[in-house]
2 protein chains.
Amino acid sequence: MILSKTCDYGLRAALYIATHEREHFVSIRRISEKLQISFHFLTKILQILTEKGIMISFRGPNGGVKLARKAEEITLLDIILAIDGPGLFTDCALGLEKCWEGHPCPLHQEWKQIRTDLKNIFQSKTLADLAFRIKSDTFRISDLAVTT
Amino acid sequence: MILSKTCDYGLRAALYIATHEREHFVSIRRISEKLQISFHFLTKILQILTEKGIMISFRGPNGGVKLARKAEEITLLDIILAIDGPGLFTDCALGLEKCWEGHPCPLHQEWKQIRTDLKNIFQSKTLADLAFRIKSDTFRISDLAVTT
DNA sequence: TATATTTAAGACAGTGTAGTCTTAATTTGG
DNA sequence: CCAAATTAAGACTACACTGTCTTAAATATA
């Protein structure tokens with residue numbers, strides 16, 4: 001698994017929110033039901049994104065979470081870095097602690113390229129980009145169909 | 001972490017063996033000491049590679065393990081598939097079970113390309129390719145220098 | 001044949017991720 | 001002010017991955 005399950009859920013939830021932005025808060029209960037993710041678990045994940053300043057939360061009736069910035073300004077990379085950290089984009093393919101230009105593992109150059117490609121993909125896609133695809137109804141963020 | 005630690009260790013051990021091929025068996029104890037990997041843990045990992053037909057083992061004095069085929073004929077992909085399985089090259093970026101051409105997640109196309117690139121890199125590199133680099137002494141398979 | 005060497009096999013423990021549950025704090029609306 | 005709704009926080013459980021240890025089986029050699 002490239003991304004942790006926690007991160008997968010975080011991304012899916014962010015995409016759900018991005019496709020339902022109407023200036024108000026979306027309740028975590030609703031997201032968890034629509035995406036079939038454990039409510040309590042999702043709450044903890046979204047707390048991380050709130051702590052990191054990617055989302056804003058609000059308690060009480062009509063509370064929930066919403067994106068802290070416009071969906072056009074949040075990339076998948078922002079969310080991945082917040083939840084899984086930068087390891088995916090920095091770690092050695094063979095798991096060596098000390099692997100750099102001057103002291104490379106035998107896969108270093110090729111791996112550097114893959115890591116760059118990976119980072120570029122996640123950085124070049126915003127929540128708005130993918131939300132657009134989801135709204136076009138041919139892309140999905142859950143194993144089951146997601147209704148409004 | 002892209003590859004499991006078990007897989008990282010398996011790759012490093014295979015590369016060590018490939019750089020020390022002299023037709024005879026290399027003891028796991030020796031590999032574990034040279035690469036600073038727990039002996040018992042490494043034994044279990046190499047048992048997997050033996051079960052999968054990638055290595056051949058032999059018990060008793062002067063026993064150990066060796067490559068079942070020539071280093072030129074074993075790719076990194078062979079070892080990764082044996083230990084971690086094919087998930088890295090098949091799984092959806094968002095962790096969806098049901099994500100395919102007809103029912104893609106919004107990152108499907110881009111992700112497919114990354115998975116292909118990943119697979120190509122691992123498939124195009126044989127143990128011999130990397131052993132050659134290691135012997136040139138500018139590449140390493142351990143955080144510490146590896147002596148003969 | 002006896003002993004030392006080495007892998008095989010499996011039980012067991014430690015750690016981190018994933019997931020559940022309960023209680024507290026905040027907010028709205030009657 | 002009170003009750004309901006909702007996130008925050010933290011304790012707790014389950015499971016997989018990582019790592020350790022012990023015993024068994026196989027092999028070489030003296």
Side-chain angles (χ1 to χ4, degrees), chain A residues 1-13 17 24-68 80 82-85 87-88 91 94-95 97, chain B residues 1-13 17 24-68 80 82-85 87-88 91 94-95 97:
Chain A
M1 197 171 357
I2 288 264
L3 304 175
S4 70
K5 212 159 182 181
T6 303
C7 193
D8 280 340
Y9 289 162
L11 283 170
R12 288 190 225 164
I17 294 168
H24 54 39
F25 293 94
V26 183
S27 85
I28 300 175
R29 173 72 63 183
R30 178 189 188 82
I31 304 170
S32 75
E33 282 167 1
K34 294 299 181 184
L35 300 185
Q36 313 261 328
I37 300 170
S38 148
F39 166 70
H40 290 292
F41 191 29
L42 185 58
T43 295
K44 285 168 65 162
I45 297 168
L46 293 178
Q47 271 174 31
I48 296 172
L49 294 179
T50 299
E51 285 164 13
K52 301 277 183 172
I54 291 173
M55 300 209 177
I56 294 171
S57 67
F58 201 77
R59 293 195 255 204
N62 305 314
V65 293
K66 67 177 182 183
L67 304 178
I80 292 169
I83 296 178
D84 279 353
L88 181 59
D91 289 352
L94 301 182
E97 292 291 328
Chain B
M1 201 171 352
I2 288 265
L3 304 175
S4 70
K5 214 160 181 179
T6 303
C7 193
D8 279 340
Y9 288 162
L11 283 170
R12 289 190 224 165
I17 295 168
H24 54 38
F25 293 93
V26 184
S27 86
I28 299 175
R29 173 73 64 185
R30 178 188 188 79
I31 304 171
S32 75
E33 284 167 359
K34 295 298 182 185
L35 300 186
Q36 313 262 327
I37 300 170
S38 148
F39 166 69
H40 289 290
F41 192 30
L42 185 57
T43 294
K44 286 168 64 164
I45 297 168
L46 293 178
Q47 273 174 30
I48 296 173
L49 295 180
T50 299
E51 284 164 14
K52 301 278 184 172
I54 292 174
M55 300 208 177
I56 294 172
S57 66
F58 201 77
R59 292 195 254 203
N62 305 314
V65 294
K66 68 177 182 184
L67 304 178
I80 293 168
I83 296 177
D84 278 353
L88 181 58
D91 289 351
L94 300 183
E97 294 290 328

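Numbers restart at 1 for each chain; the letters A, B, ... are given by sequence-line order, proteins then strands.
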Drop me the distance from [X]'s [atom1] to [Y]'s [atom2], to the nearest 0.5 angstrom.
{"X": "A:R29", "Y": "A:K34", "atom1": "CZ", "atom2": "NZ", "result": "13.5 Å"}
{"X": "B:L46", "Y": "B:I83", "atom1": "CG", "atom2": "CD1", "result": "8.0 Å"}
{"X": "A:I28", "Y": "A:F41", "atom1": "CD1", "atom2": "CZ", "result": "13.0 Å"}
{"X": "B:Q47", "Y": "B:I45", "atom1": "CD", "atom2": "CD1", "result": "10.5 Å"}

Take atom [atom1] of [X] and atom [atom2] of [N], then tell me their distance rounded to the nearest Å.
{"X": "B:I17", "N": "C:dT7", "atom1": "CD1", "atom2": "P", "answer": "10 Å"}
{"X": "A:I31", "N": "D:dA5", "atom1": "CD1", "atom2": "C1'", "answer": "16 Å"}
{"X": "B:K66", "N": "C:dT7", "atom1": "NZ", "atom2": "C1'", "answer": "15 Å"}
{"X": "A:L3", "N": "C:dT17", "atom1": "CG", "atom2": "P", "answer": "14 Å"}
{"X": "B:Q36", "N": "D:dT18", "atom1": "CD", "atom2": "P", "answer": "19 Å"}
{"X": "A:M1", "N": "C:dT17", "atom1": "CE", "atom2": "C1'", "answer": "9 Å"}
{"X": "A:I83", "N": "C:dA18", "atom1": "CD1", "atom2": "P", "answer": "10 Å"}
{"X": "A:R29", "N": "C:dT20", "atom1": "CZ", "atom2": "P", "answer": "12 Å"}

- Item | B:L88 and B:L3, any side-chain heavy atoms less than 4.5 Å apart | yes
- Task: For the residue pair B:I37 and B:I31, establish whether any side-chain heavy-atom pair is separated by less than 4.5 Å.
- Result: no
- Task: Report yes if at least one side-chain N or O of B:Y9 is closer than 4.0 Å to OP1 or OP2 of D:dT18; otherwise report no.
- Result: no
- Query: Do the side-chain N or O atoms of B:T6 get closer than 4.0 angstrom to the phosphate oxygens (OP1, OP2) of D:dT18?
  - Reply: yes
Non-hydrogen atoms of [X] and [Y] that approach each other most closely:
{"X": "B:G53", "Y": "B:A68", "answer": "O-CB, 3.3 Å"}
{"X": "B:A13", "Y": "B:L42", "answer": "CB-CD1, 3.9 Å"}
{"X": "A:K66", "Y": "A:H24", "answer": "CB-O, 4.1 Å"}
{"X": "B:S32", "Y": "B:S38", "answer": "CB-C, 4.3 Å"}
{"X": "A:L49", "Y": "A:A82", "answer": "CD2-CB, 4.0 Å"}

- Taking for A:S27 and for B:S38 the nucleotide of DNA chain D with the nearest heavy atom, the one nearer the 5' end belongs to A:S27
- Query: What pairs of residues pass the side chain to side chain donor-acceptor pair (under 3.5 Å) test when at least one of them lies in residues 3-13 of chain B, not counting sequence neighbours?
  - Reply: B:S4-B:D84
Taking N or O atoms only and anything under 3.5 Å, show me the protein contacts with nucleotides 25-30 of chain C, one pair per line.
| from | atom 1 | to | atom 2 | distance (Å) |
| --- | --- | --- | --- | --- |
| C:dT26 | O4' | A:R59 | NE | 3.4 |

- Net bend of the helix from C:dT1-D:dA30 to C:dG30-D:dC1, end axes of five pairs each, nearest 10 degrees: 10°
For residues 54-62 of chain A, run the donor-acceptor check on the side chains, cut-off 3.5 Å, and write out each pair with its distance to 0.1 Å, sequence neighbours left out.
none

- Query: Can you list, by residue number, the residues of residues 40-57 of chain A that have a non-hydrogen atom closer than 4.0 angstrom to DNA chain D?
  - Reply: A:K44, A:Q47, A:S57
With the criterion being N/O to N/O and under 3.5 Å, what pairs connect the protein with nucleotides 1-3 of chain D, and how long is each?
none

